[in-house]
There are 2 protein chains.
Amino acid sequence: MLSLSKKIDYALLALSYLAHKPYRAANTKEIAEEYALPVELLAKILQKLAKAEILVSTSGPTGGYRLLLAPEKISVGAIVDIIEGRPALVQCMRSDSHSCDQIQKCTIRTPLMRVNARMLDMLDEISLAEICKDETESHLVTIPLLVRS
Amino acid sequence: MLSLSKKIDYALLALSYLAHKPYRAANTKEIAEEYALPVELLAKILQKLAKAEILVSTSGPTGGYRLLLAPEKISVGAIVDIIEGRPALVQCMRSDSHSCDQIQKCTIRTPLMRVNARMLDMLDEISLAEICKDETESHLVTIPLLVRS
DNA sequence: CTATATCCGACTAATCTAATCGGAGATGAT
DNA sequence: ATCATCTCCGATTAGATTAGTCGGATATAG
């Protein structure tokens with residue numbers, strides 16, 4: 001219910017990891033171990049991101065993935081889109097299934113589409129940079145506490 | 001993935017039906033037939049809404065449900081909350097499960113909580129009245145097309 | 001040529017959601 | 001008073017979605 005899939009979680013974690021290491025390629029195993037994620041699953045996620053040209057991949061030893069765009073240029077909406085397809089509040093708003101089961105008397109479709117649009121807008125407005133930056137913010141919370149005494 | 005459950009759909013349909021008939025009680029069967037919904041499932045949904053004092057119920061023949069509040073006073077967020085519990089973008093933000101599986105190195109928790117809060121705010125801002133009103137609005141779209149020739 | 005990568009489809013397992021079933025407790029109408 | 005028609009509630013089954021696994025192909029640095 002209104003939750004992100006684990007795939008999206010994993011994608012965000014991996015992307016934030018890569019955003020912090022822009023100078024070199026990181027491979028699937030390395031990232032999976034960092035966050036204790038299932039390697040094969042993460043692999044497929046990274047493959048999709050590479051195919052969508054969010055990441056570049058290089059094969060062979062010393063290979064791995066690297067961010068292709070600046071974190072500011074990547075939106076959470078785009079990531080969701082790539083990995084799970086465009087989300088929809090209700091099934092009848094998905095690109096595949098056009099018909100509301102048998103509900104032809106549905107009176108709430110139009111307003112719900114507006115809500116749906118608001119949700120998509122929200123996701124598009126959030127950049128990967130925003131998802132990454134808060135390491136520094138939580139440091140700003142921690143350090144004063146250490147300094148206090 | 002970021003979708004409402006059918007229970008929520010059914011709840012919104014039922015509530016919009018009741019909003020259009022404020023003068024009398026409607027029973028489960030009547031509403032279920034109107035939208036071709038499974039009766040027993042709808043029954044449980046209405047029961048929850050009644051328990052949460054969104055609806056009042058009266059038993060026996062001629063009984064049924066009636067809206068207790070004006071549609072403007074009921075938010076979609078509240079309905080979601082009653083039927084499925086407070087939604088959360090990721091599991092670790094739910095009131096029950098406090099711990100991120102094994103991911104202690106999670107770097108994205110704080111920013112995601114902010115996104116989560118934005119989503120909840122959005123749901124709280126949308127009233128049942130908004131979900132109901134668009135019958136008239138979609139008429140405003142249709143009529144000019146008919147008038148055109 | 002070999003070890004280490006990405007890549008990709010098909011499959012199984014686990015979880016979550018939808019729907020059904022059985023039966024108890026009100027209450028208005030006859 | 002009893003009967004038909006409701007609400008009410010827990011337990012269970014069925015179905016759909018998501019998570020995770022497996023086997024094998026292709027690329028490449030050393």
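Everything quoted here is computed from the prediction, not taken from an experiment. First the proteins, then the strands, lettered A, B, ... as listed; each starts at 1.
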Worksheet item: Hey, what bend do you get for the helix from C/dC1-D/dG30 to C/dT30-D/dA1 if you fit axes on five pairs at each end, rounded to 10°?
Response: 10°
Item to complete: Among residues two or more places apart or on two chains, list those pairs meeting side-chain hydrogen bond (donor to acceptor under 3.5 Å, both in side chains) that have a residue in residues 72-83 of chain B.
Response: B/Asp81-B/Arg86
Worksheet item: Which distance, rounded to the nearest 0.5 Å, do you find between the CZ of B/Arg114 and the CG of B/Leu89?
Response: 13.0 Å
Please write out each protein N/O paired with an N/O of nucleotides 15-17 of chain C under 3.5 Å, distance rounded to 0.1 Å.
residue : atom : partner : partner atom : Å
C/dT17  : OP1  : A/Met1  : N            : 3.1

Practice prompt. Assign each of A/Thr62 and B/Gly63 to its nearest nucleotide of DNA chain D by heavy atoms, then name whichever residue's nucleotide is nearer the 5' end.
Written response: B/Gly63
Item to complete: For B/Ile83 and C/dA19, give me the distance from atom CD1 to atom P, rounded to whole Å.
Response: 14 Å
Worksheet, complete the sentence: So side-chain hydrogen bond (donor to acceptor under 3.5 Å, both in side chains) across residues 116-128 of chain B, not counting sequence neighbours, yields A/Arg118-B/Glu125, A/Glu125-B/Arg118
Fill in: Under-4.0 Å side-chain N/O to phosphate OP1/OP2 contact, B/Tyr10 with C/dA18
no
Worksheet item: Between NZ of A/Lys6 and CG of A/Leu13, what distance do you get to the nearest 0.5 Å?
Response: 12.0 Å
Discussion item. Rounded to whole Å, how long is the line connecting atom CD of A/Glu30 with atom P of C/dA5?
Written reply: 10 Å
Let me have the donor-acceptor pairs involving side chains of residues 42-70 of chain B, under 3.5 Å, with sequence neighbours excluded, atom names and distances please.
residue : atom : partner : partner atom : Å
B/Gln47 : NE2  : B/Ala43 : O            : 3.4
B/Lys48 : NZ   : B/Ile83 : O            : 3.3
B/Thr58 : OG1  : B/Gly64 : N            : 3.3

Worksheet item: Between B/Glu34 and B/Lys21, is there a salt bridge with N-O shorter than 4.0 Å?
Response: no
Worksheet item: Can you list, by residue number, the residues of residues 40-57 of chain A that have a non-hydrogen atom closer than 4.0 angstrom to DNA chain D?
Response: A/Glu40, A/Leu41, A/Lys44
Worksheet entry | Pairwise side-chain contact, A/Leu123 with B/Leu2, heavy-atom cut-off 4.5 Å (strictly under) | yes
Discussion item. Distance check needed: D/dT17 C1' versus A/Ile8 CD1, whole Å only.
Written reply: 14 Å
Worksheet item: Tell me, do A/Pro111 and B/Glu130 make a side-chain contact under 4.5 Å, heavy atoms counted?
Response: no
Worksheet entry | Side chain proximity check, A/Tyr17 to B/Thr107, heavy atoms < 4.5 angstrom | no
Worksheet item: Just wondering, do B/Val76 and B/Leu4 contact through their side chains at under 4.5 Å, heavy atoms?
Response: no
Fill in: Reported CD1-to-CG distance for the pair A/Ile131 and A/Leu15, which is rounded to 0.5 angstrom
10.5 Å
Discussion item. Whether B/Ser59 contacts C/dG28 is assessed here as follows: a side-chain N or O lying under 4.0 Å from the phosphate OP1 or OP2. Is that the case?
Written reply: no
Worksheet item: Once you round it to whole Å, what is the distance between P of D/dA29 and CG of A/Asn27?
Response: 15 Å
